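Below: the structure, in structure tokens.
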Amino acid sequence: MEKNKISILIVDDEEMIVTILINFLSEKGYAVTGINDPEEALELLKRSSFDIVFTDLMMPQINGMELVKEIRQQENDTQIIIFTGYASVDSAIDAVQQGVYDYIKKPFRLEDIDKILTHAIEKLTLKRENETLHNEVKSMLSQITMLYDISNILYQVREQKYAVEMLFDTMAESMHIHTALLCEPENDVQKFGVTYTTVGAKSMKNSLNFNANAIFNGKVLSNENITILPDVGAKLKIDDNDVDLPDACRQIIFIPIKYQGLLQGYLVIVEHKDHVYPFTDELTLLKILATQIAPIIGSRQGRSKRNLESNDVEPIRALDDLINAELGLSDISDTPVSFAMTRLIATGMSEEEADFSLLRVNWRNLIADQLGPDKRLYWAGYDTLMIMAVGGNPVGLDHHLANVRNEMESGRMRSKSKTDLSMTHAILTYPFDADSAKKITAKLSSCLFNDVRKVKYSG
């Protein structure tokens with residue numbers, strides 16, 4: 001702590017002592033207040049707080065311990081130092097019990113005052129730093145928990161528009177970020193010349209539409225790390241075009257959103273005021289947020305972002321119509337139907353799309369071979385399959401999928417890049433666990449993404 005920010009109160013009925021200490025401590029740069037009247041000091045302490053208080057123990061009308069008790073009633077972290085010419089064991093014990101930092105017998109040397117004061121300030125500084133760190137850690141844990149909880153909810157939201165609105169509301173309420181955009185690619189992210197467009201915005205009238213190699217205020221966006229544009233002002237320059245901002249802007253932060261090693265878009269934060277959190281903590285929270293929403297965006301982008309054949313992927317938002325059509329057939333309308341949703345987990349893979357595309361084809365074939373021809377398989381996302389078993393036993397379905405997972409983890413379906421493979425799945429039965437297509441897809445996707453490797457089914 002800087003000396004000129006340390007406030008010191010000196011209370012003693014001996015005017016000479018107060019004057020000497022004021023002169024001595026003021027010369028060292030401290031902000032010092034001196035009072036000879038203990039009653040006046042008591043009134044001052046009821047209105048104000050100090051970092052350090054020096055007080056005499058024995059004074060007319062009011063003694064030093066009454067001042068100590070008043071300070072402690074305020075529950076502040078003031079360090080108290082008592083000096084007196086009538087030291088005794090009892091008074092020393094009483095002072096310690098009241099939380100007095102130190103106890104000096106008169107007459108004292110100024111060197112002793114300086115030494116004790118230095119140690120008291122060190123203790124006060126350490127205590128405040130610990131409290132600040134504790135509060136920051138507590139706040140970070142709370143925010144991380146909040147981000148995890150909100151991601152669980154987002155997995156159950158079928159419409160992207162509502163999911164994006166929920167994302168922005170969460171950022172505004174919990175992180176005090178009020179201007180933000182979500183930008184996703186319009187075409188295949190693996191092709192040259194991909195164009196990004198704004199799919200959702202909060203407190204931002206103008207959209208950001210840009211090419212992957214666009215230059216923002218002299219910078220090219222990174223697809224791996226956060227890009228920060230400082231001191232932006234009222235306009236953002238993208239290549240040769242100016243974009244008007246709602247207010248003079250301190251900085252813009254671009255957070256890449258990656259899923260399965262591929263860039264899915266950018267979360268864009270426009271900041272106008274000082275940070276609510278320390279900047280490094282805010283960046284950490286934003287990274288976590290981008291990681292949490294990446295599977296949602298990645299699975300919803302599905303076919304259009306990865307250049308897959310149009311008959312190969314059934315986007316998850318279209319499953320509701322498909323399931324409704326299947327359940328509406330007369331021959332199964334009164335028959336229990338087991339549904340499973342399973343997700344491919346691949347680690348250590350190459351970022352080349354061909355590797356993962358081959359894996360997903362082999363994985364689907366492995367599941368089809370294990371389940372047999374009477375089970376219907378639909379792509380619910382780039383790495384997610386929906387399985388429909390009319391009249392199927394959920395326990396048997398669970399057994400077959402467990403066999404597939406064991407075979408994958410044994411290394412029999414390993415790519416040339418030696419990818420580690422596994423899968424997770426969730427199961428429920430219509431109409432016992434869910435009686436509508438919307439409930440089926442919502443419950444399965446929630447279980448699948450929230451309970452990794454944990455099987456959910458009802459029999």
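Any value given below was found using the heavy atoms of this structure, including those in side chains, with hydrogens, waters and symmetry copies removed. Everything quoted here is computed from the prediction, not taken from an experiment.
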(request) To the nearest 0.5 Å, tell me how far Q79 CD sits from D102 CG. (result) 10.5 Å

(request) Check whether any side-chain heavy atom of V268 lies under 4.5 Å from a side-chain heavy atom of M204, and answer yes or no. (result) no

(message) How close do I116 and I104 get, counting heavy atoms only, and between which atoms?
(response) CD1-CD1, 3.1 Å

(request) For residues W363 and T342, report the shortest heavy-atom separation together with the two atoms involved. (result) CH2-O, 3.4 Å

(request) Check the pair E43 / K46 against salt bridge (Lys or Arg N to Asp or Glu O under 4.0 Å), numbers first and verdict last. (result) CA-CA 5 Å; E43 291 301 318; K46 291 178 180 180; 3.6 Å; yes

(message) Between L236 and L208, is the side-chain contact (heavy atoms from CB on, under 4.5 Å) condition met? List the steps.
(response) CA-CA 10 Å; L236 171 65; L208 294 184; 4.0 Å; yes

(message) For a side-chain contact (heavy atoms from CB on, under 4.5 Å) check, start with the C-alpha distance between I257 and E184, then their side-chain angles and the critical distance, and finish with the verdict.
(response) CA-CA 9 Å; I257 302 172; E184 292 183 3; over 6 Å; no

(request) Flag the pair D51 and K5 as a salt bridge only when some basic side-chain nitrogen lies within less than 4.0 angstrom of an acidic carboxylate oxygen. (result) no

(request) Please examine the side chains of I252 and L245, heavy atoms only from C-beta on, and report whether any two atoms are closer than 4.5 Å. (result) yes

(message) Side chains of F254 and L229, heavy atoms from C-beta outward: is any pair under 4.5 Å?
(response) yes

(message) So, applying side chain to side chain contact (heavy atoms under 4.5 Å, CB included) with R128, which one of L124, L126, T125 is it?
(response) L124

(message) Once rounded to the nearest 0.5 Å, what's the spacing between atom NZ of K28 and atom CG of L117?
(response) 9.0 Å

(request) May I ask you to decide whether D12 forms a salt bridge with K106, counting only side-chain N to carboxylate O separations under 4.0 Å? (result) yes

(message) Just so I know, are the side chains of K237 and D242 near enough to count as touching, which here means a heavy-atom distance under 4.5 Å?
(response) yes

(message) If the threshold is 4.0 Å, N to carboxylate O, is there a salt bridge linking K235 and D244?
(response) yes

(message) I'd like to check L283 versus I253 (side-chain heavy atoms, cut-off strictly below 4.5 Å). Are they in contact?
(response) yes

(message) For I17 and I10: C-alpha separation, side-chain torsions, deciding distance, then whether side-chain contact (heavy atoms from CB on, under 4.5 Å) applies.
(response) CA-CA 9 Å; I17 290 180; I10 302 169; 5.5 Å; no

(request) Work out which heavy atom in A426 is nearest to a heavy atom in L444; give both atom names and the distance. (result) O-CD2, 3.4 Å

(message) Using 0.5 Å steps for rounding, measure from the OG1 atom of T78 to the CD1 atom of I8.
(response) 11.5 Å

(message) In the structure I gave you, are the side-chain heavy atoms of E70 and Q73 within less than 4.5 Å of one another anywhere?
(response) yes

(message) Less than 4.5 Å apart, side chain to side chain, heavy atoms only: is that true for H425 and L397?
(response) no

(message) Could you check whether any side-chain N or O of N23 sits under 3.5 Å from a backbone N or O of S26, counting only pairs where one atom can act as donor and the other as acceptor?
(response) no

(request) To the nearest 0.5 Å, tell me how far I121 CD1 sits from Y101 OH. (result) 10.0 Å

(message) For a quick test of reading the model, state the closest non-hydrogen atom pair linking I427 to A340 and the distance between them.
(response) CG1-CB, 3.9 Å

(request) Might you point out which heavy atoms bring P38 and M59 nearest each other, and give the distance in Å? (result) CB-CE, 3.8 Å

(request) State, with a plain yes or no, whether a side-chain heavy atom of L110 is found less than 4.5 Å away from one of L21. (result) yes

(message) Can a side-chain donor-acceptor contact be found between N209 and S207 if the only test is distance below 3.5 angstrom?
(response) no

(message) Nearest 0.5 angstrom please: T198 OG1 to F210 CZ, how far?
(response) 7.5 Å

(message) Less than 4.0 angstrom from a charged side-chain N to a carboxylate O is my criterion; do K439 and D433 meet it?
(response) no

(request) Measure the spacing between CD1 of I81 and OG1 of T55 and express it to the nearest 0.5 Å. (result) 11.0 Å

(request) Over all heavy atoms of both residues, which pair between I80 and V100 is shortest? Give the atoms and the distance, please. (result) O-CG1, 3.2 Å

(request) Determine, stepwise, if the pair D13 / N36 fulfils side-chain contact (heavy atoms from CB on, under 4.5 Å). (result) CA-CA 5 Å; D13 59 322; N36 298 119; 5.8 Å; no

(message) When you measure from the side chain of S7 to the backbone of A31, do you find a donor-acceptor pair of N or O atoms at a distance under 3.5 Å?
(response) no

